[in-house]
There are 2 protein chains.
Amino acid sequence: MVLDIKPNSIFNLQSIHQSVSVRFNYEILFTNNLFNLKNSTLAQVITTDGEKKPKKVVAVIDAGLLQYWPELPKQLAAYTKFYAEILTLAVKPMIVPGGEAAKNDRTLLEQIHKLIEAAGLCRHSYLLAVGGGAVLDLVGYAAATAHRGIRLIRIPTTVLAQNDSGIGVKNGINAFGKKNFLGTFAPPYAVINDSAFLTTLSDRDWLSGIAEAVKVALIKDARFFDFIHSHTAALVSRDMDAMQQLIYRCAQLHLEHIANSGDPFEMGSSRPLDFGHWAAHRLEHLTNYSLRHGEAVAIGIALDSTYSYLLGLLDWSNCQRILNTLSALGFTLYVPELAERSSPLEDSRCLFRGLTEFREHLGGELTLTLLQNIGQGIEVHEVELSLYKKAISLLQDVENRQTLLTAS
Amino acid sequence: MVLDIKPNSIFNLQSIHQSVSVRFNYEILFTNNLFNLKNSTLAQVITTDGEKKPKKVVAVIDAGLLQYWPELPKQLAAYTKFYAEILTLAVKPMIVPGGEAAKNDRTLLEQIHKLIEAAGLCRHSYLLAVGGGAVLDLVGYAAATAHRGIRLIRIPTTVLAQNDSGIGVKNGINAFGKKNFLGTFAPPYAVINDSAFLTTLSDRDWLSGIAEAVKVALIKDARFFDFIHSHTAALVSRDMDAMQQLIYRCAQLHLEHIANSGDPFEMGSSRPLDFGHWAAHRLEHLTNYSLRHGEAVAIGIALDSTYSYLLGLLDWSNCQRILNTLSALGFTLYVPELAERSSPLEDSRCLFRGLTEFREHLGGELTLTLLQNIGQGIEVHEVELSLYKKAISLLQDVENRQTLLTAS
Ligand SMILES: NC(=O)c1ccc[n+]([C@@H]2O[C@H](COP(=O)([O-])OP(=O)(O)OC[C@H]3O[C@@H](n4cnc5c(N)ncnc54)[C@H](O)[C@@H]3O)[C@@H](O)[C@H]2O)c1
Ligand SMILES: NC(=O)c1ccc[n+]([C@@H]2O[C@H](COP(=O)([O-])OP(=O)(O)OC[C@H]3O[C@@H](n4cnc5c(N)ncnc54)[C@H](O)[C@@H]3O)[C@@H](O)[C@H]2O)c1
Ligand SMILES: [Zn+2]
Ligand SMILES: [Zn+2]
């Protein structure tokens, strides 16, 4: 007998086309006082896996968070004792440095892997990541690569992590001096946003995450931009109700984009959610990370909005509204690092190298998102550096009040 | 204005359900003499990405393969020169040890990451992995984690890699003494199976990969099992035409399963393609990897087929046919490590610890595939160790010709 396979040339048998489709489902839950014994959110998340209980859990906690919440490990221990039929703490929580330090030290990744191994976690066990976006990125990478993926429950504790970085499908650490050089696409098992944690954030970290909300509002939802615009005072004075609404809507818009863009794992060259980010990433680097991510994003938004105006895409009045809103929120729209614009591209401090790096990280053709209206992004594939330089001058003037923006 | 978000309890705002679907497409191409200048297969694969050319390529090659194909780097250089408008070799190929050594040395992973960085590869560049399953697993892991995934073209050079390990969606390396402890699910960009490479395989490696074909035939395709059964002589005498047909059909069955199982990234507890593998993995470990993976799988198949017979699931005549076919192919059906069966489970050399490890790697409930007929697998969730011990005795008798199998 012979199987029905025929060679179709001297070199080739027929080829086989493979098409694999994978669906990931997860819940983003909003709560407060997660580890209060009366709060069953976490226990419920684990119950819904429908498997034999109790399930093994290991936690990794942000040291910067712990400073303000020193009782956290004790609370977690009490919580797992109370819900002992559902989950069991396999080992003591591991504490990792908060902020970018979490992503710069490669031995941390290995330590988390070791912890997973020592605790005997399997693919159906749970790793709990509690902290800011940096810690979540580190722990997410470790979870995604142990046993080819164990279940990750993210508990984001900053505004930015709750409305953007902690709810998506990416993780990563820095390597070879490059931001997020190592990482994977790996959706979490669940995300639990606890508003209580936000009360201890520094003003800078409280503010910083708002930039991502402005960003997504500008490219997708004019009504949401109006909400932010009309709540600047409340947001600045740390009104929790306004912040909760902002986080919720921002998260929703990010999640919708990831689910419906058709390219959740970024295999193409387009990334609209990175509006304002080419300059932001570059400025973070040029300022040696003295700018928070959100602070840099605010400047990036201001720059790309102004450039959109100069290009004739966006009305001056809309551009003014954007710059005004960012200013009213407390963001600085200009830093000296922008002014190193005049250096040639070869200069290691030239802002515009950010464009090349942005293209290289995604690969393929340069694709930037600009604005044609508030709530409406548009993609372009070319840039006019001379107009960008004008945009930078304009921002400098605005910041120095040499260009007066009409109230709106 | 207020957004329409209402808290649904004192603790919870409404939750957001996220559902992300990702589709991966790739081609498995069959060819011979891949780097012959007249063979445009590889160039075509890169052309079809539809992007601006030439594209950057970096190659990582199996040292064990290179021993038999010392001209490979030169040929690759000539090939990229000939197709210079399509692809360009960014740096010299990197050579890594072949076999399990590739997966045991963690610094290799870092070296490949470094190479990717130094060559300035982006997500739309290509990493070429040329070698056996072990090298492909290592390089695949590196590719999946640099920039959160650069394009991987696998060029498998063993039977096992061409019909099973090199065509699927997994990669990985060993850590903490555990096989595949680190890794991800990451489909390749393309796979190119070159039959010319198979001519230099040792008889053991030629044979070894046939076990995976027997495995997938037994659980899915009786007609394919008949093909193998009627071609044992040709396969043993290294008939390339028979081998090509075997590889093609085996690959097809694996690919169909991955695409249609509903769980390509193994988030559940079932893994039918691992028929015979719980004992195989354990025997590889107990023999200190002196058994090839396929050799261990052949024993695992013999064991689980015999157990299926003793359980009353499979006819004795079918069981005989299976054992006869494996023997005729040259596989040993019994090794002394099976006989350490009488040790208690606590004993570190007890075979049956393999059942626990098998369950732990996937997580959740124990799920084993057995046979109810040739071509028809069935899942069970419990085992009777006493029957397994009987199965082992029976295999020992068969191997010693104390139980005579009727010709079939
Ligand atoms: N994965 C993604 O999709 C994605 C998207 C955007 C950004 N990011 C990453 O997120 C990181 C930034 O995250 P971030 O803005 O959350 O900052 P962060 O993680 O750097 O944390 C900022 C500081 O706040 C501390 N902290 C955390 N929670 C606190 C709390 N409740 N009270 C007091 N202090 C607290 C931390 O210890 C740290 O010192 C960057 O590394 C960025 O690359 C990832
Ligand atoms: N990713 C998966 O889905 C998956 C599935 C099954 C097995 N695997 C892995 O595959 C590995 C086994 O792969 P394998 O069976 O291909 O063996 P291998 O990669 O261990 O290679 C066996 C030997 O053959 C040499 N070699 C390779 N090609 C040759 C050629 N053409 N001529 C002469 N020598 C050659 C290698 O250098 C090595 O010494 C294991 O690590 C196993 O875990 C992975
Ligand atoms: Zn951002
Ligand atoms: Zn196998």
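Each chain gets a letter, A, B and so on, in the order its sequence line appears, and its residues count up from 1.
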Open item on the list: Are there over 12 heavy-atom neighbours, none belonging to A/Lys53, within less than 6.0 Å of that residue's NZ?
Closed with: yes

Open item on the list: Please check: side-chain N/O of A/His124 versus main-chain N/O of B/Met267, any donor-acceptor pairing under 3.5 Å?
Closed with: yes

Open item on the list: Show the nearest heavy-atom pair for residues A/Ala146 and B/Leu182, with the distance to one decimal.
Closed with: CA-CD2, 4.3 Å

Task: A/Arg106 portion near chain B, given a 4.5 angstrom heavy-atom threshold - done: side chain

Open item on the list: How long is the straight-line distance from CZ of B/Phe181 back to CD1 of A/Ile116, given to the nearest 0.5 Å?
Closed with: 6.0 Å

Task: Interchain contact, B/Ala144 with chain A, by part (heavy-atom threshold 4.5 Å) - done: backbone

Open item on the list: Please find the pair of heavy atoms, one from A/Ser21 and one from B/Ser21, that lie closest to each other, and give the distance.
Closed with: OG-OG, 3.9 Å

Task: Among the listed options A/Val22, A/Asn25, A/Thr184, the residue most often paired with chain B at heavy-atom distances under 4.5 Å - done: A/Val22

Open item on the list: Please classify the contact of B/Glu266 with chain A as side chain, backbone, both or neither, using a heavy-atom distance under 4.5 Å.
Closed with: both

TODO: Mind ranking B/Lys52, B/Glu51, B/Glu256, B/Glu27 by heavy-atom pairs under 4.5 Å with chain A and telling me who comes out on top?
DONE: B/Glu27

Open item on the list: Need one label for A/Asn171: side chain, backbone, both or neither, based on atoms under 4.5 Å from any heavy atom in chain B.
Closed with: backbone

Open item on the list: With rounding to the nearest 0.5 angstrom, report the CG to OG distance, B/Leu255 to A/Ser19.
Closed with: 11.0 Å

Open item on the list: On a heavy-atom basis, which atom in B/Ile28 and which in A/Gln18 lie closest, and how many Å separate them?
Closed with: CD1-CB, 4.0 Å

Task: Residue part contacting chain A, namely of B/Arg151, when any heavy atom lies under 4.5 Å - done: side chain

Open item on the list: At a heavy-atom distance under 4.5 Å, which candidate from A/Gln252, A/His113, A/Lys178, A/Glu365 has the highest pair count against chain B?
Closed with: A/His113

TODO: Heavy atoms only: give me the nearest A/Glu110-B/Phe176 pair and the separation to one decimal.
DONE: O-CZ, 4.3 Å

Task: Separation between CG of B/Asn193 and OG of A/Ser15, rounded to the nearest 0.5 Å - done: 11.0 Å

TODO: Check whether B/Lys55 gets within reach of chain A through its side chain, its backbone, both or neither, counting any heavy atom under 4.5 Å.
DONE: neither

TODO: Can you see which heavy atom on A/Gln14 is nearest to which on B/Tyr248, and at what distance?
DONE: CG-OH, 2.8 Å

- [ ] Name the member of B/Ser195, B/Pro187, B/Ala259, B/Ser125 that forms the most heavy-atom pairs with chain A at distances under 4.5 Å.
- [x] B/Ala259

